[in-house]
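Okay, structure first, notes after.
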Amino acid sequence: MRWSKALIPTLKENPADAVAPSHQLLLRAGMVRQLGAGAYSYLPLGLRVLQKATNIVRQEMDAAGALELLMPALQPVDLWKESGRYETFGDLLMQLKTSGGTHVALGPTHEEVITDIVRGLIRSYKQLPVTMYQIQTKFRDEPRPRFGILRTREFLMKDAYSFDANVDQLSTSYDAMYEAYCKIFDRCGIPYVIVEAESGPIGGDSSHEFMVPSSTGEDTIIQCASSGYAANVERAEVGKIDWPAPANPDAPAYVSVSTPYKRTIAEVCKFLKIAESASAKLLVFLADGNPVSVLIRGDHEANEPKLRRAFGAKTLVAADPDSIQKATGVPIGFLGPVGIKIPLMVDQSVAAMPTVVVGGNEVDIHFTGVVPGRDFVLDQVGDLRNAVAGDPCPKSGAPMTVSQGIEIGHVFKLGTKYSKAMGANYLDDKGQEIPIIMGCYGIGVNRIVAAAVEAGHDSNGIIWPLALAPYQVAIVPLQTTNPEVVALTDSIEKCLVEAGLDVIVDDREARPGVKFKDIDLIGIPLRIVIGERGLKEGTLEVKWRTDGAAHNVPVATAAETIRDEVLTKQRAEAAECEQRKIARGVQSS
RNA sequence: CGGGGUGUAGCGCAGCCUGGUAGCGCGCCUGCCUUGGGAGCAGGAGGUCAGCAGUUCGAAUCUGCUCACCCCGACCA
């Protein structure tokens with residue numbers, strides 16, 4: 001490919017709207033252009049990267065035995081009502097009406113459609129297991145698209161769905177996808193951590209997210225260096241915290257203080273001149289419709305899935321101020337555990353406090369010096385909140401750390417949620433009708449591209465891994481009118497292309513500095529410079545994007561030398577992937 | 001959906017307060033010159049100043065409404 005024909009509109013300056021590094025660099029490198037909020041065009045160069053990621057995903061899905069199919073983005077809303085997700089998906093679902101009046105939606109995901117297909121096709125246990133996938137555009141009416149191509153209203157997703165006869169089969173299918181994901185991200189050359197994620201009805205370790213560490217990431221990861229435990233904050237457990245605090249028989253009785261108009265934790269603590277961690281807040285939820293209360297330290301956040309499990313409830317929602325008043329007789333802002341009439345659960349961090357400041361269950365009143373266990377009961381204590389930095393690891397007890405990550409993949413054991421709701425059953429060997437057990441597995445393909453840039457860039461631009469680079473090699477002929485330079489350029493290009501490499505020749509009539517800057521910006525892994533100066537000495541210059549300096553190779557054998565250098569690097573990366581695979585095998589056994 | 005901000009040439013911005021010929025840098029086109037890290041000189045093209053409605057002799061500038069985009073938060077199967 002000739003640069004002059006490639007349409008690569010690089011920008012010297014950062015577009016004002018771009019904040020995230022990947023957003024800035026993909027724009028500046030001429031890879032994407034914004035059409036509207038959360039909608040991006042991929043220009044030729046950007047599309048090449050997206051397609052390289054797509055190809056790797058497809059190859060590994062095929063290798064894992066998944067069957068590719070293609071489902072429509074346009075889906076009847078009735079299908080969503082059938083699964084029960086029309087309500088839960090809410091405004092995120094893009095909806096429209098056909099000219100005939102049919103109410104349709106643009107698919108944000110495809111559990112409903114694939115389940116509809118399968119219930120018509122699969123009848124017998126002999127047809128199971130089967131896993132199918134597609135690579136297709138998804139639509140979600142995100143209330144706030146952001147960070148360039150990281151969160152958009154329209155995006156390319158690889159979504160796979162497994163169908164199994166029993167839980168053991170599901171585990172096998174799940175493990176195959178899990179392993180395929182590791183291979184995909186290894187091959188893409190992007191760093192990732194696998195974290196436990198909040199899971200559905202089956203529970204246990206049935207959901208994992210693949211995260212690329214990045215400060216731009218929207219997800220919070222809790223990790224323990226000593227045990228290797230890693231989980232999304234939505235899921236992360238807090239290890240055992242000792243409670244109650246040693247009893248102090250001399251502790252004075254709690255004191256009622258006037259706190260007029262001080263409702264929030266921040267207001268109360270500021271007013272009383274105490275740290276938020278010295279206070280506790282009583283939160284009221286409706287567990288399957290019944291009011292329940294939870295006591296959490298002032299600086300902590302409640303974790304609703306943990307609460308739902310703790311109360312053994314199917315649904316758990318925060319109670320609105322009216323129902324709180326009705327259930328407790330106390331207006332929001334002054335609730336406390338002392339003498340509370342509804343069921344109370346206490347987070348272990350509160351149970352461990354010697355004394356605590358809480359609401360007085362009366363307008364404009366808070367209590368100080370309240371002793372857990374003395375002034376309110378501690379018969380229901382547990383891990384009810386989001387983990388924070390320094391919390392003990394559930395495995396090792398060592399302090400855990402907090403970091404940000406970009407979710408690029410998610411594997412999930414669904415169970416029979418959709419097959420039951422939509423009647424996707426099979427007949428077992430005894431002729432019994434049984435709901436098919438499902439799993440779903442998603443990869444945000446655009447996010448692979450964005451995450452690769454977030455993880456690989458410097459002040460000069462993008463640093464693509466060889467596997468994703470739009471072109472692996474750029475050749476820069478410095479004197480485009482010198483026949484010797486041109487001939488050498490052509491012969492090296494030919495040799496590399498024949499070896500299966502993607503090569504771009506910067507044939508522009510521009511000064512060398514312009515070309516070097518652009519090649520660095522768009523992140524081409526290997527740069528070859530051919531100039532009269534080097535030719536006099538019989539050499540040309542080769543520089544890797546990741547290296548600080550260039551090295552010279554003799555002209556006579558240049559094409560083969562460079563070809564072998566790139567192929568060797570490719571093989572080294574493949575070997576690295578293999579090493580990781582072996583290491584994973586050792587870990588899991 | 002709440003809070004904040006911004007819309008002027010492809011990109012980055014000034015002009016607005018105090019109404020009176022729409023500007024600068026980069027990029028783009030022509031020519032000369034130059035050629036190993038975003039050169040220099042000369043000439044040139046390109047704008048319904050986001051839109052609509054007011055005020056005014058006259059609006060990029062003042063007023064009102066609308067729209068779009070960005071950031072923080074809420075939300076995120």
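This structure is a prediction, so every number in the text was calculated from the model and none was measured.
Checked by distance alone, A/R527 brings a side-chain donor or acceptor within 3.5 Å of a matching partner on the base of B/G37. Side-chain N/O atoms of A/R151 and base N/O atoms of B/C76 include a donor-acceptor pair closer than 3.5 Å.
When both distances must be under 3.5 Å, the Watson-Crick or G-U wobble mate of B/C24 is B/G12. Look at B/U6: its Watson-Crick or wobble partner, with both distances under 3.5 angstrom, is B/A68. Of the nucleotides present, B/U63 is the one that pairs with B/A53 by Watson-Crick or G-U wobble criteria, both distances under 3.5 Å. Pairing of B/U48, defined by two Watson-Crick or G-U wobble distances under 3.5 Å, is not identified with any nucleotide. Remark: B/C33 base-pairs with no nucleotide in the shown strands. Criterion, Watson-Crick or G-U wobble with two distances under 3.5 Å. Across all strands shown, the partner of B/C1 is B/G73, judged by Watson-Crick or G-U wobble contacts whose two distances both fall under 3.5 Å.
Each of A/R153 and A/M157 was assigned the nucleotide of RNA chain B with the nearest heavy atom; the assignment lying further toward the 5' end belongs to A/R153. Comparing A/G38 and A/C440 by the nucleotide of RNA chain B that holds the closest heavy atom to each, the one mapping nearer the 5' end is A/G38.
Ion pairing of A/D159 with A/K138 is present here, as a side-chain N (NZ or NE/NH1/NH2) and a carboxylate O approach within less than 4.0 Å. Ion pairing of A/R545 with A/D458 is present here, as a side-chain N (NZ or NE/NH1/NH2) and a carboxylate O approach within less than 4.0 Å. We find that A/R508 and A/D518 are joined by a salt bridge, their nearest charged nitrogen and carboxylate oxygen being less than 4.0 Å apart. Ion pairing of A/R153 with A/D141 is present here, as a side-chain N (NZ or NE/NH1/NH2) and a carboxylate O approach within less than 4.0 Å. Using a 4.0 Å cut-off between charged side-chain N and carboxylate O, A/R119 and A/E112 make no salt bridge. A salt bridge is defined here as a Lys NZ or Arg NE, NH1 or NH2 lying under 4.0 Å from an Asp or Glu carboxylate O, and A/K543 with A/E565 fails to meet this definition.
Rounded to whole Å, the separation between the P atoms of B/U8 and B/A14 comes to 11 Å. Taking atom P on both nucleotides, B/A74 is separated from B/G2 by 16 Å, rounded to a whole Å. One P atom belongs to B/G64, the other to B/U21, and the distance between them is 25 Å to the nearest Å. Rounded to whole Å, the separation between the C1' atoms of B/A60 and B/A50 comes to 12 Å. Taking atom C1' in both B/A9 and B/A22, one finds a spacing of 11 Å when rounded to whole Å. With P as the reference atom, B/C52 and B/C33 are 49 Å apart, rounded to whole Å. Spacing of P atoms, B/C49 relative to B/G7, comes out at 15 Å, to the nearest Å. Here the separation of B/G51 from B/A68, taken at their P atoms, is 15 Å to the nearest Å.
In this structure, the side chains of A/R28 and A/I522 stay at 4.5 Å or more apart for every pair of heavy atoms.
One atom, CZ of A/R511, and another, P of B/G40, lie 9 Å apart when rounded to the nearest Å. What separates CG of A/L93 from P of B/C76 is a distance of 15 Å, to the nearest Å. B/A77 atom C1' lies 17 Å from atom CZ of A/F139, rounded to whole Å. To the nearest angstrom, C1' of B/C76 lies 6 Å from CG of A/L92. Atom CG in A/L35 sits roughly 9 Å away from atom P in B/C69 (whole-Å rounding). One atom, CZ of A/R545, and another, P of B/G37, lie 17 Å apart when rounded to the nearest Å. Rounding to whole angstrom units, CG of residue A/L150 and C1' of B/C71 are separated by 15 Å. Across the protein-nucleic acid pair, A/I519 atom CD1 and B/G38 atom C1' stand 13 Å apart, rounded to whole Å.
Among B/G37, B/A74, B/G38, the nucleotide with an atom closest to any side-chain atom of A/D520 is B/G37. Out of B/A77, B/G38, B/U34, the shortest distance to the side chain of A/F89 is found at B/A77. Checking B/G37, B/C69, B/C71 against every side-chain atom of A/F516, the shortest atom distance belongs to B/G37.
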Pairs under 3.5 angstrom only: tabulate donor-acceptor contacts from the side chains of residues 523-538 of chain A to other protein residues two or more places apart or in another chain.
unit_1 : atom_1 : unit_2 : atom_2 : d
A/R527 : NH2    : A/E541 : OE2    : 3.2
A/E532 : OE2    : A/N482 : ND2    : 2.9

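Residue contacts for A/F147: at a heavy-atom cut-off of 4.0 Å it reaches the sugar-phosphate backbone alone, with no base atom in range. Within 4.0 Å of A/V514, counting heavy atoms only, lies at least one base atom of the nucleic acid.
A donor-acceptor pair shorter than 3.5 Å cannot be found between the side chains of A/K281 and A/T264. Residues A/T137 and A/E154 have side chains that never bring a donor and an acceptor to within less than 3.5 angstrom of each other.
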> With the sugar-phosphate defined as primed atoms, P, OP1 and OP2, and the base as all remaining atoms, what B/S/- string results for nucleotides 4-15 of chain B, 5' to 3', for protein heavy atoms under 4.0 Å?
Replying inline: -------BSS--

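A close approach under 4.0 Å does occur between a side-chain nitrogen or oxygen of A/R144 and OP1 or OP2 of B/C72. Between A/R85 and B/A77 there is no side-chain N or O to OP1 or OP2 distance below 4.0 Å. Contact between the side-chain N/O atoms of A/Q34 and the OP1/OP2 oxygens of B/A68 is not found at any separation under 4.0 Å.
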